[in-house]
Protein chains: 2
Amino acid sequence: MGVFSKTCEYAMRAVFFIAHKTAPGGRVGIKEIANGIDSPEHFLAKILQDLSRRGIVRSAKGPNGGFYLDESALKRPLSDIVEAVDGKGIFLGCGLGIKQCSEINPCPLHHEFKAIRNQIHHMMYKTTIGEFNEDLDLGITALKK
Amino acid sequence: MGVFSKTCEYAMRAVFFIAHKTAPGGRVGIKEIANGIDSPEHFLAKILQDLSRRGIVRSAKGPNGGFYLDESALKRPLSDIVEAVDGKGIFLGCGLGIKQCSEINPCPLHHEFKAIRNQIHHMMYKTTIGEFNEDLDLGITALKK
DNA sequence: GGCATAAAAGATATAAAACTCTTTTGTTAT
DNA sequence: ATAACAAAAGAGTTTTATATCTTTTATGCC
């Protein structure tokens, strides 16, 4: 398994995809998203329902409905998605899984891990949801094979 | 969930504990290890069986038996444990979970993630199993609450 | 209003990870 | 040899993550 849960990976890819597809306005349906990021449709639906409840994506039912983002969402940091799905654990937890690990009661890897956690957090925090649209447009980056 | 699986967290803590407890020689039993790192005994037994098969720890049955390390194990990098338990995925996989993500077909986070993966790998590779014995002795670091 | 569309919600299924219990095998000491 | 010890191995169970299917609700269009 990777750094994030599968759910979180799908979530990030889906939000990137929505940002990309609806950049000019409009909405994009669950089928197109699932296909565009190569994820199971119904499972992704659940994930997006959750992100919608948490205000990270927006949705509209009915004809011409689908998912989209509001202006401010494009400027949000990626860490908002990670925290919504996987929680803050990845940015805060002990590398050895010790609950009471802290500055005053550190595990052997505490300081080394802190540096890594901080780097992950910093990277996810400085990166915004909308900043990859251009590269995706140009085909420089991809969200599936 | 953290960066590593629970299995891997227990494995690392257990190996640290064995290194620490058997530093002067001798062996340490599964009950004492499980207690010392606050992990479920039978589950840890399975993990150590596996580490033993892979040559990371050694074991002896019967009276005065238990787990121990050979000399060379103390100089091994921590990454050996991680790879044995969780595989190399954590050091190599795509942050967004895209199978075909690579230098020539990168995901949006590819380059940022590469830096992080490399840092994790570097940290785990430069760190040896035996290097924390002194701090554990002095009570500066801990393997459970 | 009635119909088509599309997400939300609910219920269920499958797989993997985490954990437990019991039996077997090998070792040591008497 | 046999009794006690301790890990190895085998066979579960429970929990969590992942995935699927069905029904309901909201919306737009005619």
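Chain identifiers are assigned alphabetically (A, B, ...) following the order of the sequence lines, protein sequences preceding nucleic acid strands; residue numbering begins at 1 within each chain.
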Using whole Å, what does the distance between atom [atom2] of nucleotide [N] and atom [atom1] of [X] come to?
X       : N      : atom1 : atom2 : result
A/Glu9  : D/dA19 : CD    : C1'   : 15 Å
B/Phe43 : C/dA18 : CZ    : P     : 5 Å
A/Ile47 : D/dA19 : CD1   : P     : 8 Å
B/Gln49 : C/dT22 : CD    : P     : 17 Å
A/Glu32 : C/dA6  : CD    : P     : 11 Å
B/Asp50 : C/dC19 : CG    : P     : 16 Å
B/Tyr68 : D/dA6  : OH    : P     : 15 Å
B/Asp86 : C/dA17 : CG    : C1'   : 11 Å

Validation row: [X], [Y] side chains within 4.5 angstrom (heavy atoms):
X        : Y        : value
A/Pro108 : B/Leu136 : yes
B/Leu51  : B/Val85  : yes
A/Val82  : A/Phe4   : yes
B/Leu48  : B/Ile30  : yes

When we call it a touch if two heavy atoms are under 4.0 Å apart, what does [X] touch: a base, just sugar-phosphate, or nothing?
X       : value
B/Lys31 : nothing
B/Ala60 : sugar-phosphate
A/Arg58 : nothing

Is the phosphate of [N], meaning OP1 or OP2, less than 4.0 Å from a side-chain N or O of [X]?
X       : N      : result
A/Arg27 : C/dA6  : no
A/Ser59 : C/dA8  : yes
A/Tyr10 : D/dA19 : yes
A/Asn64 : C/dA4  : no
B/Ser52 : D/dA7  : no
B/Ser5  : C/dA17 : no
B/Arg53 : D/dA9  : yes

Handout entry: Along DNA chain D (nearest heavy atom to each residue), the more 5'-positioned of A/His42 and B/Leu48
Key =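 The residue mapped nearer the 5' terminus is B/Leu48.
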Identify which nucleotide among [options] has an atom closest to any side-chain atom of [X], counting heavy atoms from C-beta outward.
X       : options               : result
A/Pro63 : C/dT5, D/dA8, D/dT20  : C/dT5
B/Lys6  : D/dA7, D/dT27, C/dC19 : C/dC19
B/Lys61 : C/dA18, D/dA7, D/dA19 : D/dA7
B/Ile30 : D/dT20, C/dA7, D/dA7  : D/dA7
B/Lys46 : D/dA8, D/dT25, D/dG10 : D/dG10

Handout entry: Transitive ILVMFWY side-chain link A/Tyr68 to A/Phe132, under 4.5 Å
Key = no
Problem - Over-ring placement of B/Arg117 relative to B/Phe91, 6.0 Å and 45° cut-offs - result: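 No.
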